[in-house]
Asks: 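Okay, here's the structure, questions in a sec.
Numbering of ligands and ligand atoms starts at 1, following listing order. This one's a predicted model, so the numbers in the text were calculated from it and none came from an experiment.
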Amino acid sequence: MKRVAVLVSGGGTNLQALLESEARGENPNGKIVLVVASKPGVYALERAANFGVESTVVARKEYADSEAFDTALLDTLQSHQIDVVVLAGFLSVLGPRVIEAYRNRILNVHPSLIPSFCGPGFYGLRVHEAALARGVKVTGATVHLVNEECDGGPILLQKAVAVQPGDTPEVLQKRVMVEAEWKLLPQALAMVCNDEV
Ligand SMILES: Nc1nc2c(c(=O)[nH]1)N[C@@H](CN(C=O)c1ccc(C(=O)N[C@@H](CCC(=O)O)C(=O)O)cc1)CN2
Ligand SMILES: NCC(=O)N[C@@H]1O[C@H](COP(=O)([O-])[O-])[C@@H](O)[C@H]1O
């Protein structure tokens, strides 16, 4: 049984999808045992509590630099004997110590079809604002392995989502979540826990 940690920074809708998928028995070889938030008070922590999952805050703002944050994250993951890490709306760039310790065992969900609209500065609504500004007719979501390059890791799964006339960033964000993110991330986590990757 792989011990899974989910790293969050906000509302936690992808965490919710992972927890509900696990409750449906869709990931028999993995169990979410820890939620780590990079900011205090985020609703993702409520979602973890609702499912009885332990959570902790490793607040990015409490560390002088990214190296200290990277070390604190690694200590937290290793002290909980974590095997697999999922970034679910996590908005800090992971440093080399975590990446090396969990090489090919860290997943991230991004709300576009990488390589479009990704990399530093592209997160949350900003991604959908850029897609609408460019006028794309199709967007979607990507789940990839995480490496040192922000959003540059090997792609595992992608799903296309149509952009509708009159879409706002908020409406498009929700469609991409419902039709793509919340389906792909649980599927990808099960693949990693099943040693299919
Ligand atoms: N080493 C890696 N770390 C992270 C990756 C990755 O692929 N490699 N993915 C990101 C997730 N992400 C997009 O999927 C992403 C997250 C955050 C940012 C960003 O620009 N963040 C801002 C801060 C935003 C905030 O705290 O409100 C910043 O760093 O200035 C871009 C892409 C997670 N980590
Ligand atoms: N680059 C990372 C990124 O933009 N992640 C995105 O943050 C949103 C909130 O996630 P949440 O509702 O699961 O907290 C989600 O759309 C997720 O894809």
Asks: So, regarding Gly10 and ligand 2 (criterion: nitrogen or oxygen to nitrogen or oxygen, under 3.5 Å), is there a contact or not?
Replies: no
Asks: Gly153 near ligand 1, heavy-atom distance under 4.0 Å?
Replies: no
Asks: Taking side chain as C-beta onward, heavy atoms only, is Thr71 less than 4.5 Å from Arg97?
Replies: yes
Asks: Just need the protein heavy atom nearest to atom 14 (O) of ligand 2, so name the residue and atom and give the distance.
Replies: Gly12 N, 2.9 Å
Asks: Let me confirm one number: the CG-NE2 distance from Leu172 to His128, rounded to the nearest 0.5 Å.
Replies: 5.5 Å
Asks: State, with a plain yes or no, whether a side-chain heavy atom of Leu185 is found less than 4.5 Å away from one of Leu18.
Replies: yes
Asks: For atom 1 (N) of ligand 1, is the nearest protein heavy atom under 4.0 Å away?
Replies: yes
Asks: Less than 3.5 Å between some nitrogen or oxygen of Asp151 and one of ligand 1, yes or no?
Replies: yes
Asks: Return yes or no for this condition: an N or O of Glu181 is under 3.5 Å from an N or O of ligand 2.
Replies: yes
Asks: Would you call Val4 and Cys193 a side-chain contact if the rule is heavy atoms closer than 4.5 Å?
Replies: yes
Asks: With side chain to side chain contact (heavy atoms under 4.5 Å, CB included) as the test, would you mind laying out the steps for Thr76 and Leu7 before giving the verdict?
Replies: CA-CA 11 Å; Thr76 300; Leu7 276 50; over 6 Å; no
Asks: In terms of atom number and element, which parts of ligand 1 are under 4.0 angstrom from non-hydrogen atoms of Asn108?
Replies: 9 (N), 11 (C), 13 (C), 14 (O)
Asks: Tell me whether the count of non-hydrogen atoms from other residues, nucleotides or ligands lying under 6.0 Å of NZ in Lys159 goes above 12.
Replies: yes
Asks: So if I count the atoms of ligand 1 from 1 in the order they appear, which ones are less than 4.0 Å from some heavy atom of Gly121?
Replies: 19 (C), 20 (O), 31 (C)
Asks: Does this structure show an ion pair linking Arg103 with Glu148, if we count only N-O contacts that are shorter than 4.0 Å?
Replies: yes
Asks: Quick check on Ile106 - does any of its heavy atoms sit under 4.0 Å from an atom of ligand 1?
Replies: no
Asks: Any heavy-atom pair between the side chains of Pro111 and Gln173 that's under 4.5 Å?
Replies: no
Asks: I'd like to check which ligand 1 atoms, numbered from 1 as shown, lie under 4.0 Å from a non-hydrogen atom of Leu87.
Replies: 33 (C), 34 (N)
Asks: Among all protein heavy atoms, pick out the one at the shortest distance from atom 23 (C) of ligand 1; state its residue, atom name and that distance to 0.1 Å.
Replies: Leu91 O, 3.5 Å
Asks: I want to check something: taking the side chain as every heavy atom from C-beta on, are Asp167 and Arg175 in contact at a cut-off of under 4.5 Å?
Replies: yes
Asks: Determine whether any heavy atom of Ala44 lies closer than 4.0 Å to an atom of ligand 2.
Replies: no
Asks: Roughly how far apart are Ile82 CD1 and Leu34 CG, rounded to 0.5 Å?
Replies: 5.0 Å
Asks: Going by distance only, is there an N or O of Leu94 that falls short of 3.5 Å from an N or O of ligand 1?
Replies: yes
Asks: Heavy-atom distances under 4.0 Å decide this one: backbone, side chain, both or neither, for Glu149 against ligand 1?
Replies: backbone
Asks: Tell me whether Glu67 at atom CD has more than 12 heavy atoms from other residues, nucleotides or ligands lying less than 6.0 Å away.
Replies: no
Asks: Out of all atoms in ligand 1, which are within 4.0 Å of some heavy atom of Ile99? Include the element for each.
Replies: 1 (N)
Asks: Between Gly119 and ligand 1, is there a nitrogen or oxygen pair with a distance under 3.5 Å?
Replies: no
Asks: Run the numbers on Thr13 and Arg47 for side chain to side chain contact (heavy atoms under 4.5 Å, CB included), then give the verdict.
Replies: CA-CA 9 Å; Thr13 67; Arg47 297 184 191 273; 3.7 Å; yes
Asks: CD of Gln187 to CG of Asn27: how many Å apart, nearest 0.5 Å?
Replies: 11.5 Å
Asks: What protein heavy atom lies closest to atom 16 (C) of ligand 1? Include the residue and the distance to one decimal.
Replies: Phe90 O, 3.6 Å
Asks: Look only at interatomic distance and state if Asn14 has a nitrogen or oxygen under 3.5 Å from any nitrogen or oxygen of ligand 2.
Replies: yes
Asks: Taking only heavy atoms of Gly89 into account, list the atoms of ligand 2 that are under 4.0 Å away from them.
Replies: 5 (N), 7 (O), 10 (O)
Asks: Where is the nearest protein heavy atom to atom 8 (N) of ligand 1: which residue, which atom, and how far?
Replies: Asn147 O, 3.0 Å
Asks: Within a strict 4.5 Å, meaning less than it, do heavy atoms of the His144 and Val146 side chains meet?
Replies: yes
Asks: Which protein heavy atom lies closest to atom 9 (C) of ligand 2, and at what distance to 0.1 Å?
Replies: Met177 CE, 3.9 Å
Asks: Using the side chain to side chain contact (heavy atoms under 4.5 Å, CB included) rule, take Val136 and Phe117 through it: C-alpha gap first, then chi angles, then the decisive distance, then the call.
Replies: CA-CA 11 Å; Val136 297; Phe117 314 116; 3.9 Å; yes
Asks: Less than 4.5 Å apart, side chain to side chain, heavy atoms only: is that true for Arg60 and Ser66?
Replies: yes
Asks: Strictly less than 4.0 Å: does any protein heavy-atom distance to atom 28 (C) of ligand 1 fall in that range?
Replies: no
Asks: Check Lys39 against ligand 1 and report side chain, backbone, both or neither, counting heavy atoms closer than 4.0 Å.
Replies: side chain
Asks: What atoms of ligand 1 come within less than 4.0 Å of a heavy atom belonging to Cys150?
Replies: 6 (C), 7 (O), 8 (N), 31 (C), 32 (C)
Asks: Go through ligand 1 atom by atom and flag the ones less than 4.0 Å from a non-hydrogen atom of Phe122.
Replies: 31 (C), 32 (C)
Asks: Return yes or no for this condition: an N or O of Leu91 is under 3.5 Å from an N or O of ligand 2.
Replies: no
Asks: Taking the six-membered ring for Trp, are Phe90 and Phe69 parallel (under 30°), tilted (30 to 60°) or perpendicular (over 60°)?
Replies: parallel
Asks: Just jot down the ligand 2 atoms closer than 4.0 angstrom to any heavy atom of Gly124, in number order.
Replies: 3 (C), 4 (O)
Asks: Using a 4.0 Å cutoff against the non-hydrogen atoms of His144, which atoms of ligand 1 qualify?
Replies: 7 (O)
Asks: Report the part of Ser92 (side chain from C-beta onward, or backbone N, CA, C, O) that has a heavy atom under 4.0 Å from ligand 1; answer both or neither where that applies.
Replies: backbone
Asks: Residue-level breakdown please: for Val146 versus ligand 1, do any non-hydrogen atoms fall below 4.0 Å on the side chain, on the backbone, on both, or on neither?
Replies: side chain
Asks: Rounded to the nearest 0.5 Å, how far does CG of Leu113 lie from CD of Gln158?
Replies: 5.5 Å
Asks: Any nitrogen or oxygen of Tyr123 lying under 3.5 Å from a nitrogen or oxygen in ligand 2? Just yes or no.
Replies: no
Asks: Report yes if the side chains of Val57 and Leu45 come closer than 4.5 Å at any heavy-atom pair, otherwise no.
Replies: yes
Asks: Quick check on contacts: which atoms of ligand 2 are under 4.0 angstrom from a heavy atom of His110?
Replies: 1 (N)
Asks: In terms of residue, atom name and distance, what is the protein heavy atom nearest to atom 18 (C) of ligand 1?
Replies: Tyr123 CD2, 3.7 Å
Asks: Ligand 2 and Thr13, any nitrogen or oxygen pair closer than 3.5 angstrom?
Replies: yes
Asks: Need the ligand 2 atom indices (1-based, order shown) with element for anything under 4.0 Å from a heavy-atom of Phe122.
Replies: 1 (N)
Asks: Can you name the atoms of ligand 2, numbered from 1 with element, that are less than 4.0 Å from a heavy atom of Gly11?
Replies: 14 (O)
Asks: If you measure from CG on Asp195 to NZ on Lys2, what distance do you get to the nearest 0.5 Å?
Replies: 3.5 Å
